Amino acid sequence: MVEELDMTRIPRHIAIIMDGNGRWATERNKPRSYGHQAGVETVRRITSECVRLGVKYLTLYTFSTENWNRPTDEIAALMGLVLTSLEDEIFMKNNVRFRVIGDRERLPEEVQEKLRETEQHTEKNAAMTMVVALSYSARWEITQAMKEIVTEHQQENTVPLRPEMITEELLDRHMQTNFMPDPDLLIRTGGELRISNYLLWQIAYSELYFCDTYWPDFSEHDLQKAITSFQSRQRRFGKTEKQVEENENK
Ligand code: IPE
Ligand code: IPE
Ligand code: MG
């Protein structure tokens, strides 16, 4: 029910851990890949809904570094789905820009090519940016950021890197997510109460929302419920309730 939502306080960036596809399929006596297929449909619905609500960034955890440890046939099915589901039409219709974060070099060449293509085709779309985390893990991301910092410094300088050169801003600039603000709201579907190596650096002050619904069943209404919960909270960023209220009334 959109009536409950304060349209002036829609989170700018929503990150989602789309979990529960496998269990959804198993409950229906179907192979896990059937659940992933159904999950793609949810991605389409939720993307359109986010655009409609005015969300600016939607970051979807699609395949984690740890997911490389799944059975090879499930990995193949997931890679196949990435290839077939990236249709330009969905992005063009919604004016959505597509971006990828993660260790893309580990992905099959064919998938890498499709990702590059989709990123290029949608480059000028401006209603919302949909970011897909593929072969992504936060510890990998933080580690590669540190490697980049050292490598770049060595290429450009003869003096060694000094501790005071390491700042939060510098790390931010070397994160995969350096083109967007941190998530305001993190949603995990599927009932597990954990982060599973997702955006650890960026969610330092995100509001967390967990629900039991399996991702294929996650509806526009469920998304609105998550946003309503977000809007009912006071983000204090370390300050007191009173300080935040005084600031809001200015
Ligand atoms: C999330 O669903 C999608 C991926 C991790 C690729 P799962 O496949 O983890 O589904 P469950 O958690 O086993 O139900
Ligand atoms: C997290 O889901 C990763 C994605 C949704 C892509 P998992 O199902 O892999 O998480 P764990 O392993 O149960 O924590
Ligand atoms: Mg899971």
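Note that these values count all heavy atoms, side chains included, but never hydrogens, waters or copies made by symmetry. We count ligands from 1, going down the list as the structure has it; atoms in each ligand are counted the same way. Predicted model, so just to flag it, every value in this text is computed and none were measured.
Because its NZ or CZ atom is not both nearer than 6.0 Å to the ring centre of Trp68 and within 45° of the ring axis, Arg70 does not count as a cation-pi partner of that residue. Annotation: cation-pi geometry satisfied between Arg99 and Phe179 (NZ/CZ under 6.0 angstrom from ring centroid, within 45° of ring axis).
Within the 4.0 Å heavy-atom criterion, the part of Thr62 lying near ligand 1 is the backbone and not the side chain. Counting heavy atoms closer than 4.0 Å to ligand 2, residue Arg70 contributes side-chain atoms (C-beta onward) but none from N, CA, C or O. The residue Glu27 has no part lying near ligand 1, judged by heavy-atom distances below 4.0 Å. Residue Arg194 touches ligand 2 through its side chain alone, judged by heavy-atom distances below 4.0 Å. Residue-level proximity to ligand 2 for Phe63 is carried by the backbone, the only part with a heavy atom below 4.0 angstrom.
For the Mg ion (ligand 3), the N/O/S atoms of Glu192 include none lying under 2.8 Å.
The atom of Asp19 nearest to the Mg ion (ligand 3) is OD1, with the search restricted to N, O or S atoms.
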Practice task
Could you go through the ring-ring contact (aromatic ring centres under 6.0 Å, His included) check for Phe237 and Tyr205 one step at a time?
Solution key: CA-CA 7 Å; Phe237 297 100; Tyr205 256 111; 5.0 Å; yes
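Between Glu245 and Lys242 no salt bridge is recorded (no basic side-chain N to carboxylate O distance below 4.0 Å). Between Glu192 and Arg23, at least one side-chain N (NZ, or NE/NH1/NH2) sits under 4.0 Å from a carboxylate O, which counts as a salt bridge. Arg52 and Glu49 are joined by a salt bridge, as a carboxylate oxygen and a charged side-chain nitrogen come within less than 4.0 angstrom of each other. The pair Glu241-Arg236 does not count as a salt bridge, with every side-chain nitrogen at least 4.0 angstrom from each carboxylate oxygen.
Below 4.0 Å from some heavy atom of Asp19 lie the following atoms of ligand 2, by number and element: 2 (O), 8 (O). The atoms of ligand 2 that sit less than 4.0 Å from any heavy atom of Tyr61 are 3 (C), 4 (C), 5 (C), 6 (C).
When each of Gln155, His153, Gln154 is tested with Asn157 by the rule side-chain contact (heavy atoms from CB on, under 4.5 Å), just one qualifies, namely His153.
Closest heavy-atom approach to atom 10 (O) of ligand 2 within the set Glu192, Arg188, Met18, Arg23: this belongs to Arg188.
Ring geometry, Phe218 versus Trp215: the interplanar angle falls under 30°, so the pair is classed parallel (tilted spans 30 to 60°).
At least one heavy atom of Arg32 sits closer than 4.0 Å to an atom of ligand 1. Assignment of Gly190 to the shell around ligand 1 is not supported, since no heavy atom sits closer than 4.0 Å.
In terms of polar-atom proximity, Gly22 is counted as a contact of ligand 1, with an N or O under 3.5 Å from an N or O of the ligand.
Ranking the protein heavy atoms by distance from atom 9 (O) of ligand 2 puts Asn67 ND2, 2.9 Å first.
Put simply, atom 12 (O) of ligand 2 has no protein non-hydrogen atoms near it, under 4.0 Å away.
Here CD of Glu74 is found 4.0 Å from CZ of Arg32. Values are rounded to the nearest 0.5 Å.
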